[in-house]
Amino acid sequence: MSEPIVVWHEQAVTRADREKLSGHRGAVVWFTGLSGSGKSTIANAVDAKLHAAGVRTYVLDGDNFRHGIAATPQALADQYGEEFGKRFGLGFAPEDRVENMRRVSEVAKLMVDAGVIVLTAFVSPYRSERDMARRTLGGGAADKGDFFEVFVDTPLEVCEQRDPKGLYKKARAGEIKHFTGISDPYEPPLAPELTLAGGQTSVDELSREVIDALRRHGVVS
């Protein structure tokens with residue numbers, strides 16, 4: 001069977017047109033770090049500050065993404081049947097995480113094309129999958145690309161003390177498989193655009209660091 005013919009259809013309204021309307025560039029701020037490091041909290045603080053300043057933003061949160069576009073096999077099976085769930089659902093094994101990040105990257109790319117600053121908050125533990133996202137989005141901020149990697153560098157012991165969802169406790173008890181930092185590795189970024197000292201600085205200050213960095217790189221004025 002031959003592959004279906006798929007051709008990209010150019011749109012009448014360009015990205016430049018949309019960015020002109022927004023008054024700023026589209027970009028992805030990719031927050032990465034351990035569970036409980038503060039990624040979602042910081043991303044939402046940045047979102048609130050930029051929104052108040054009239055900047056078009058949107059947060060793609062790891063947990064929220066798992067409720068729809070990257071739903072688990074069981075969640076899809078409950079709606080569409082077991083075979084559908086097995087084929088299209090994503091668990092937390094390494095290969096599932098790679099596909100999850102591919103989906104995140106492609107969704108973020110569409111939103112960037114719409115002139116939106118996308119704030120993604122995902123553990124994204126592997127350098128290879130973050131590099132894939134960087135390639136998908138045309139390089140990093142230093143290269144005038146659209147990918148801005150922010151490492152929320154919160155020590156494991158601090159994350160485990162916080163344990164807002166009780167996940168570390170379950171992982172230590174062997175109730176959760178493939179849990180990053182406990183049974184699966186986390187590979188910290190080697191050259192992120194920004195590193196935040198999570199656990200040492202207030203969320204307000206950390207969010208301002210992110211916005212200041214976006215200004216330095218010309219994403220927002």
Side-chain angles (χ1 to χ4, degrees), residues 3-11 13-19 22 24-35 37 39-40 42-43 46-47 50 56-66 68-70 88 90-153 178 180 184-196 210 213-220:
E3 288 290 322
I5 299 173
V6 181
V7 179
W8 183 266
H9 186 82
E10 294 296 335
Q11 298 179 346
V13 181
T14 67
R15 172 178 171 177
D17 295 330
R18 300 180 194 280
E19 290 182 329
S22 298
H24 57 77
R25 282 174 49 199
V28 172
V29 182
W30 190 286
F31 292 91
T32 177
L34 294 169
S35 177
S37 62
K39 300 181 300 298
S40 294
I42 299 167
V46 173
D47 188 36
L50 290 177
R56 296 178 63 209
T57 57
Y58 195 82
V59 176
L60 292 177
D61 182 81
D63 283 349
N64 295 352
F65 208 75
R66 286 283 184 172
I69 293 173
F88 297 110
L90 296 180
F92 292 89
E95 61 271 21
D96 293 294
R97 289 181 181 274
V98 171
E99 171 58 14
N100 187 29
M101 291 302 98
R102 190 194 69 80
R103 295 183 191 184
V104 174
S105 301
E106 293 294 344
V107 169
K109 185 177 180 179
L110 292 174
M111 297 180 78
V112 168
D113 192 56
V116 175
I117 294 176
V118 187
L119 309 164
T120 74
F122 292 81
V123 173
S124 47
Y126 304 119
R127 294 189 190 107
S128 59
E129 64 191 19
R130 298 193 301 270
D131 288 344
M132 173 191 66
R134 187 181 289 271
R135 289 192 301 272
T136 298
L137 290 153
D143 307 314
K144 301 300 181 184
D146 299 323
F147 186 83
F148 194 92
E149 187 176 33
V150 178
F151 176 32
V152 185
D153 188 10
H178 303 297
T180 303
D184 271 12
Y186 177 80
E187 299 172 354
L190 298 177
E193 277 70 29
L194 182 65
T195 297
L196 299 177
V210 175
L214 291 177
R215 289 196 181 105
R216 288 196 302 272
H217 287 280
V219 177
V220 294

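A donor-acceptor distance shorter than 3.5 angstrom exists from the side chain of H24 to the backbone of R56, with no hydrogens or angles considered.
There is no side-chain donor-acceptor pair under 3.5 Å between D153 and T195.
Under the rule for a ring pair (Phe, Tyr, Trp, His ring centres under 6.0 Å), Y58 has no partner lying at least two apart in sequence or in another chain. Residues satisfying the side chain to side chain donor-acceptor pair (under 3.5 Å) criterion with E19, sequence neighbours excluded, are R15. When the side chain to side chain donor-acceptor pair (under 3.5 Å) test is applied to D47, the partners found at least two apart in sequence or on another chain are T57. Applying the salt bridge (charged side-chain N to carboxylate O under 4.0 Å, His left out) test to R130 and every residue at least two apart in sequence or in another chain returns E149.
Across all their heavy atoms, T180 and P185 have their closest contact at CG2-O, 3.6 Å. Nearest heavy atoms, A213 versus L194: CB-CD2, 4.2 Å. Residues P125 and Y186 approach most closely at CA-CD1, 3.5 Å, considering heavy atoms.
The stretch residues 98-119 participates, sequence neighbours left out, in no ring pair (Phe, Tyr, Trp, His ring centres under 6.0 Å) pair at all.
In this structure, the side chains of F65 and R103 come closer than 4.5 Å at one or more pairs of heavy atoms. Contact of the L196 side chain with the I42 side chain is registered, since non-hydrogen atoms from C-beta on lie closer than 4.5 Å. Side chains of F31 and V210 form a contact here, defined as non-hydrogen atoms less than 4.5 Å apart.
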Pairs under 3.5 angstrom only: tabulate donor-acceptor contacts from the side chains of residues 110-124 to other protein residues two or more places apart or in another chain.
unit_1 : atom_1 : unit_2 : atom_2 : d
S124   : OG     : W30    : NE1    : 3.0
S124   : OG     : T32    : OG1    : 3.3
S124   : OG     : F122   : O      : 3.1

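The side-chain contact (heavy atoms from CB on, under 4.5 Å) test with V28 is passed by exactly one of L137, V104, D146, V219: L137.
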| field | Test side chain to side chain contact (heavy atoms under 4.5 Å, CB included) applied to N100 and R66, step by step | value | CA-CA 9 Å; N100 187 29; R66 286 283 184 172; 3.7 Å; yes

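Atoms CG and CZ, from L90 and R102 in turn, are 9.5 Å apart once rounded to the nearest 0.5 Å.
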